[in-house]
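Have a look at the structure below before the remarks.
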Protein chains: 2
Amino acid sequence: MTPLSPEEFLLIAQQHCAARGARLTELRQQVLGLVLARGGVVKAYQVLTDLQAARGPAAPPTVYRALDFLVEQGLLHRVDALNGYIACQHLECQHHGLLLVCETCNDVTEIDATDSLDQLSAAAARAGFQPRRQDVLLTGLCQSCRQPS
Amino acid sequence: MTPLSPEEFLLIAQQHCAARGARLTELRQQVLGLVLARGGVVKAYQVLTDLQAARGPAAPPTVYRALDFLVEQGLLHRVDALNGYIACQHLECQHHGLLLVCETCNDVTEIDATDSLDQLSAAAARAGFQPRRQDVLLTGLCQSCRQPS
DNA sequence: GACGATTTGTTACAGTATAACATCACATCG
DNA sequence: CGATGTGATGTTATACTGTAACAAATCGTC
Ligand SMILES: [Zn+2]
Ligand SMILES: [Zn+2]
Ligand SMILES: [Zn+2]
Ligand SMILES: [Zn+2]
């Protein structure tokens, strides 16, 4: 359960993409690195700022395209509720991730909820629907925010 | 399973709000009516356009505030994946809705998946997380878009 | 009618995302 | 080698989405 270091993550990402025949280019890798460096949920324009600091001029499409790619590969998850992105926290294991988004502190945790999510998919399938991605988002209160400390 | 007519929906909405001590004002009701009139997923700025057509000048905050209220009351659901809103399709029954969003046609269907969602909540609770809303979103392919017709 | 609380109006702006087209990098093949 | 096609990136401009902040109006209560 100890989170991967950015270095470990990038290494696994390399292998992951190679295995899928996807090209983890320099730019894409750099964007991934910037997301990992910030940690937690990251906004596209934050990445853009960081990228500009690191490489000079860059425009939104550059960042969005890289982020789209990384999401497509399963390396990042898109957090719709926050218009943000977060590195997958279960990259090693085969997982069906469940993203828990705290409404108070905006912290996001990804837990493995494969069984429950399979059931959810089954329910959708019974309605003739074919779910694609396996990350689902739940909003609520995290442990820290639930209890007045 | 036959969907409610806008009139039926508005009537139930009245009762629903009255029971909760919430004020379904003229404006809020009008916004709800506009969403129902369009049907399916509706964007805030579409509502704004319609509202302007119906009542003269209006600005974004007017619409967003009304939409927020209606979501808060459970009359509408927010579809994060599409930046849109859709009327609850299970207003009558006590439900935990699961929104199925088709990536191809952007159509949204809401099915009752109370059991599966309860399990999902339980999984989140085991991680110390307290889920709040009971609508969850799944993206994928609807029946029509799955089969080449 | 005075008062506080909620709702609505209004202006201005901040934040998010994509279209469209040009250019570049790279692999493949004649 | 040079042509050609594909995918990736650069660039400009713009569209879309959402909110802060403050003013005015409305409503129920005393
Ligand atoms: Zn993950
Ligand atoms: Zn929290
Ligand atoms: Zn519903
Ligand atoms: Zn469809």
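We find that CD of A:Gln73 is positioned 10 Å from P of D:dA8, with the value rounded to whole Å. In this entry the distance linking CD of A:Gln46 with P of C:dG15 reads 11 Å, nearest Å.
The side chain of B:Thr62 places an N or O atom within less than 4.0 Å of a non-bridging phosphate oxygen (OP1 or OP2) of C:dG9. Contact check, A:Lys43 against C:dT16: a side-chain N or O comes under 4.0 Å of OP1 or OP2. When the side-chain nitrogen and oxygen atoms of A:Arg55 are compared with OP1 and OP2 of D:dG10, one or more of them lie within a distance under 4.0 Å. In terms of phosphate contacts, A:Arg65 brings no side-chain nitrogen or oxygen within less than 4.0 Å of OP1 or OP2 of D:dT9. Proximity of A:Tyr45 to the phosphate of C:dT16: no side-chain N or O atom is located under 4.0 Å from OP1 or OP2. Applying the 4.0 Å criterion to OP1 and OP2 of D:dG18, one finds that B:Asn83 has a side-chain N or O inside that range.
For B:Arg23 against D:dG28, no side-chain N or O and base N or O form a donor-acceptor pair under 3.5 Å.
Between B:Phe69 and A:Gly84, the one whose closest nucleotide on DNA chain C sits nearer the 5' end is B:Phe69.
B:Val63 is connected to B:Leu36 through a chain of hydrophobic side-chain contacts under 4.5 Å among Ile, Leu, Val, Met, Phe, Trp and Tyr, so both are in one cluster.
With hydrogens and angles ignored, the 3.5 Å screen pairs a side-chain donor or acceptor of B:Arg28 with a backbone N or O of B:Arg23.
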